[in-house]
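One structure is given below, encoded as structure tokens.
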Amino acid sequence: NFKMPPKTIKKIAIFPGAFKPFHGGHYQVVESIAKRVERLYLIVSTKDRVRPKELPIIGSVMVKIWKTYIEPILPKNVNVVYSDGPINSTFDILKQIDDSKQDIEIYLVSGAEDLERFRPESLSKEAPNLSSKNLIKIADVPRLDDLSGTKVRESIVQKNLKQFRNALPAPIAKNAKQILDLLYTSG
């Protein structure tokens, strides 16, 4: 569900991730990046997350949570793109923009664990025009120790509503019980 940016747009960011769940740290990054670009594409995984010692987080339930609670609080220049492979979708988007011959400055937003996926040789293969003009930049997102996905998932397993509420973006913290209930109905 990616739509090419209009030709008037010259600076965008692409932020792929699982976002299971989307927490306050993600929200801070989104707000910060959205202020620096004309359009931010959040590439959100629709895959299930099933891991030992964790409540399974079902992709379709997360999409419902996104559409109901998260999308309404995002800055207006943020477009959510749902994907079963956010990294592959990021490369697909880069290729589409490259093929369009638009000179758009693109910031790839990534945590340290995914930076390796955006090696220069991969970028120049998928987006040779943009790469040769140095229009693709990597924006490393620092890990926020107090707000990690692991800690948020632990609060879900423990049904610790207070900890879960504190980890959510402030504008949806009031909906913590409804979101936690949704996660548990699917898990």
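Ring centroid separation for the pair Y41 and F15 does not come in under the 6.0 Å cut-off.
Across all non-hydrogen atoms, the minimal contact from K67 to P72 is O-CD, 3.7 Å. Looking at every heavy atom in both residues, W66 comes nearest to L74 through CZ3-CD1, 4.1 Å. When all heavy atoms of L130 and L94 are compared, the pair lying nearest together is CD1-O, 3.9 Å. Contact record, L135 with I104: CB-O, 3.5 Å, taken as the closest heavy-atom pair. Minimum heavy-atom separation, V109 to P16: O-CD, 3.3 Å. Across every non-hydrogen atom of V61 and L182, the tightest pair is CG1-O, 3.6 Å.
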Q: Check step by step if salt bridge (Lys or Arg N to Asp or Glu O under 4.0 Å) holds for K133 and D103.
A: CA-CA 8 Å; K133 295 178 180 179; D103 286 343; 3.0 Å; yes
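Scored by the side chain to side chain contact (heavy atoms under 4.5 Å, CB included) test, S45 finds A18, K20, K47, P86 as partners (sequence neighbours excluded). For R49, the side chain to side chain donor-acceptor pair (under 3.5 Å) test picks out E54, with sequence neighbours left out.
Judged by distance alone, the side chain of D48 and the main-chain N or O of G59 form a donor-acceptor pair under 3.5 Å. A donor-acceptor pair is defined here as one N or O able to donate and one able to accept, closer than 3.5 Å; such a pair exists between the side chain of N160 and the backbone of Q163. For the pair K177 (side chain) and K174 (backbone), a donor-acceptor distance under 3.5 Å is absent. With hydrogens and angles ignored, the 3.5 Å screen pairs a side-chain donor or acceptor of N77 with a backbone N or O of V37.
Looking at heavy atoms from C-beta onward, L42 lies out of side-chain contact with H26 at the 4.5 angstrom threshold.
For NZ of K159, the number of neighbouring non-hydrogen atoms (other residues, nucleotides, ligands) closer than 6.0 Å is 12 at most. Around atom NZ of K137, more than 12 heavy atoms belonging to other residues, nucleotides or ligands sit under 6.0 Å away.
Side-chain contact annotation: S131 with S124, donor-acceptor N/O pair under 3.5 Å absent.
Pairs of residues two or more places apart, or lying in two chains, that qualify as ring pair (Phe, Tyr, Trp, His ring centres under 6.0 Å) and include a residue from residues 73-128 are F91-F118.
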